[in-house]
**Student:** 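Handing you this structure, nothing more for now.
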Amino acid sequence: MTDRTQCPPERRVAEVKGVRRLGAYDLITARDPVGPENPQPGQFYMLAAGDWWGGGAGERPFLPRAFSHAAVRRHLGGGVELDFLLEDVGPGTRRLGQLTEGEPLMLLGPLGSGFHPAAEDTRPLLVGGGIGVAPLLCLYAELLATRAPAGVILGFRGAAHAAATELFGGAAHVVTEDGSAGDRGLVTEPLAAQLDRDPAVTVYSCGPPAMLDAVRALCAERGVECQLALESGMACGYGACFGCVVPTASGYQRVCVDGPVFTGAELAVAL
Amino acid sequence: MSDLAIDFCGIALKGPVLNASGTFDAIAARRAFGDVLLERFPFDAFVTKTVTLAPRQGNPPPRLWETPGGMVNSIGLPNKGLDAFLEQDLPQLAELPVPLAVSVMGFDHGELARLVEAVGARDEVALLELNVSCPNVETGILVGADPGETDAAVRAVRNRTAKPLIVKLSPNSVDPAAVAVAAAGAGADAISLINTLKGMPLHPRTREPWLGGNTGGLSGPAVRVVALEQVAAVSEAVDVPIVGMGGITSGSDALDFLKAGASAVAVGTESFRDPSVGRRIRAELSAFDEVQTVRKHQPISTSTRG
């Protein structure tokens with residue numbers, strides 16, 4: 001896998017094929033008729049509804065929203081079908097979740113640099129939380145074809161969010177903060193147990209900042225390499241606005257062009 | 001259909017659409033989009049993000065806030081500093097297919113003079129833009145909002161380069177036209193406006209300032225009518241060419257700015273919604289027959305009616 005497929009320099013129109021409810025989440029499927037067929041796991045798209053964007057609460061949204069694709073499939077009619085996982089947490093995600101079949105979805109992507117191959121003599125171990133499971137699902141699908149992962153550990157607030165594990169086809173070890181699905185607890189517990197059994201892994205992680213920092217710290221402690229896919233508020237997605245920076249060992253870096261995937265070593269400053 | 005080519009301060013441009021400084025990183029965009037970007041470059045001239053003498057990290061996040069019809073940014077002028085800009089970025093920017101304008105900001109006259117001299121000396125650079133939306137470090141007065149400060153700043157640097165100097169005004173002033181008059185009188189070759197409007201979004205739950213930098217600048221369609229009034233006021237007051245910007249989203253918006261007195265326009269926030277929008281705006285503008293007649297117009301009077 002390369003880590004970055006290039007993005008066409010214009011925003012383009014995709015067609016919504018459907019929006020499926022998945023517990024607390026919406027899974028949007030859209031056909032991208034002329035976009036690249038090989039977006040890399042960990043890359044992302046900027047999304048906006050083609051119609052009625054800006055007519056929501058407080059006359060928002062205005063800017064597009066960033067989402068890593070959860071799946072990509074070749075479409076027999078040409079182009080690809082992309083899946084995006086999202087949760088209604090604001091005017092942008094609310095409008096996107098209300099999209100219906102046939103509506104236009106404005107896309108820019110794929111953007112950023114995705115996951116890169118695991119360190120030699122290690123197997124990939126996927127650790128995700130919440131909406132962060134989306135790029136991990138994409139990675140998981142690719143790995144199944146080449147190098148089976150050592151495991152998938154997913155954590156959620158509760159059962160409504162844990163509904164997303166269905167997408168992994170039963171392969172994931174699930175924990176929830178309230179114990180309403182899977183084991184009660186945080187992903188760091190099964191991760192530590194896994195590293196006790198077999199430390200020859202490269203950890204791939206995506207999820208909320210506190211989870212990412214805990215995973216990073218545990219991997220650093222155990223001398224295990226990790227790749228973390230970050231999220232940030234963004235305006236543009238392609239490095240123009242400098243709005244999405246994260247502190248790293250080399251100063252502030254833009255999540256959209258220098259990330260969204262960073263190594264644990266680069267992020268060994270407070271997130 | 002209209003021919004959009006212009007002569008801007010002696011520089012031949014194929015059209016009048018520039019990017020607003022700080023809203024497009026051509027080097028990062030090449031990484032994201034590839035070299036096809038150069039074949040389909042969205043602007044008729046490229047204006048860099050502001051370069052300062054010393055490197056700057058910029059403000060802590062959050063740096064962005066969405067508003068109705070726009071956004072607030074508090075980026076904080078991150079840049080690698082003059083030396084690294086000249087060594088690393090300028091050679092790459094020289095590969096762009098359009099003339100290059102470099103934006104500079106100095107925190108005192110000495111810094112500004114050094115920047116203007118070093119940047120102006122480079123053949124790759126066609127124009128300079130003075131970003132004076134910064135306070136005089138001694139008096140605290142926002143330079144670009146004050147005629148006296150602007151006059152002093154432009155005088156301090158005018159003889160450091162023969163290249164065209166554009167002065168970018170701050171809209172957060174009592175009398176932008178007076179600032180423009182001062183800039184032109186001190187030797188500025190052109191005026192650009194507006195920069196962002198000062199704003200302070202609050203966190204929806206804590207109601208403390210949302211931005212890491214506490215205050216920031218508002219941009220986008222919400223400010224367009226403010227920008228149009230200021231462009232018209234400045235156009236009444238000075239004869240030098242004007243680059244008008246503030247919430248332009250379409251060719252029709254651009255034509256409004258030309259009618260208000262601008263010779264060229266710049267697009268900023270709208271590029272965040274579509275990186276190719278500069279091209280769309282140029283194409284839409286060229287579809288208006290009125291472009292040439294508008295360019296020969298009488299200024300719109302901004303004095304209050306009634």
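Just so you know, these numbers use all the heavy atoms, side chains as well, and skip hydrogens, waters and symmetry mates. Lettering of chains follows the sequences in order, A, B, ..., and the numbering in each one begins at 1.
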**Student:** Indicate yes or no: at least one non-hydrogen side-chain atom of B:V36 is less than 4.5 angstrom from one of A:P9.
**Tutor:** yes

**Student:** Please round to the nearest 0.5 Å and tell me the distance separating atom CG of B:L64 and atom SG of A:C244.
**Tutor:** 8.0 Å

**Student:** To the nearest 0.5 Å, what is the distance between CG on A:L108 and CZ on B:F33?
**Tutor:** 5.0 Å

**Student:** Between B:N59, B:L37, B:N19, B:N73, which shows the greatest number of heavy-atom pairs under 4.5 Å with chain A?
**Tutor:** B:N59

**Student:** Could you tell me whether the side chain of A:R4 reaches within less than 4.5 Å of the side chain of B:R31, counting heavy atoms only?
**Tutor:** yes

**Student:** Given that the side chain runs from C-beta out, which part of A:L63 has a heavy atom under 4.5 Å from chain B: side chain, backbone, both or neither?
**Tutor:** both

**Student:** Is it the case that atom CD in B:Q230 sees more than 12 heavy atoms from other parts of the structure closer than 6.0 Å?
**Tutor:** yes

**Student:** Heavy-atom distance under 4.5 Å to chain A: side chain of B:P42, backbone, both or neither?
**Tutor:** neither

**Student:** Considering only heavy atoms from C-beta outward, does the side chain of B:F24 approach that of A:Y238 to under 4.5 Å?
**Tutor:** yes

**Student:** Contact part of B:R40 toward chain A, heavy-atom cut-off under 4.5 Å: side chain, backbone, both or neither?
**Tutor:** side chain

**Student:** Check whether more than 12 heavy atoms from other residues, nucleotides or ligands sit under 6.0 Å from atom CD of A:E225, and answer yes or no.
**Tutor:** no

**Student:** If you count heavy-atom pairs under 4.5 Å with chain A, which of B:A29, B:P62, B:S271, B:S74 comes out on top?
**Tutor:** B:S271

**Student:** Assess whether atom CZ of A:R12 is packed by more than 12 heavy atoms of other residues, nucleotides or ligands within 6.0 Å.
**Tutor:** yes

**Student:** Which region of A:R254, side chain (C-beta onward) or backbone (N, CA, C, O), has a non-hydrogen atom less than 4.5 Å from a non-hydrogen atom of chain B, or is it both or neither?
**Tutor:** side chain

**Student:** Do the non-hydrogen side-chain atoms of B:E66 and A:P61 ever get within less than 4.5 Å of each other?
**Tutor:** yes

**Student:** Kindly say whether A:F242 contributes a backbone atom to a donor-acceptor pair with the side chain of B:R63 at under 3.5 angstrom?
**Tutor:** yes

**Student:** So for A:A235, is it side chain, backbone, both, or neither that comes closer than 4.5 Å to the heavy atoms of chain B?
**Tutor:** both

**Student:** Out of A:E59, A:R60, A:M106, which one racks up the most heavy-atom pairs below 4.5 Å with chain B?
**Tutor:** A:R60

**Student:** Answer whether the closest heavy-atom distance between the side chains of A:Y252 and B:P61 falls below 4.5 Å.
**Tutor:** yes

**Student:** Given a strict heavy-atom distance threshold of 4.5 Å, which part of B:R56 is in contact with chain A: side chain, backbone, both, or neither?
**Tutor:** neither

**Student:** In terms of heavy-atom pairs under 4.5 Å with chain A, which of B:P275, B:P68, B:A28 leads?
**Tutor:** B:P275

**Student:** Is the number of heavy atoms from other residues, nucleotides or ligands within 6.0 Å of NZ (A:K17) greater than 12?
**Tutor:** yes

**Student:** Heavy-atom distance under 4.5 Å to chain B: side chain of A:M234, backbone, both or neither?
**Tutor:** backbone

**Student:** Looking at A:R74, I'd like to know if its CZ atom is crowded, meaning that more than 12 non-hydrogen atoms belonging to other residues, nucleotides or ligands lie closer than 6.0 Å.
**Tutor:** no

**Student:** If you count the non-hydrogen atoms of other residues, nucleotides and ligands that lie under 6.0 Å from NZ in B:K80, is the total more than 12?
**Tutor:** yes

**Student:** Please examine the side chains of B:R273 and A:F62, heavy atoms only from C-beta on, and report whether any two atoms are closer than 4.5 Å.
**Tutor:** yes

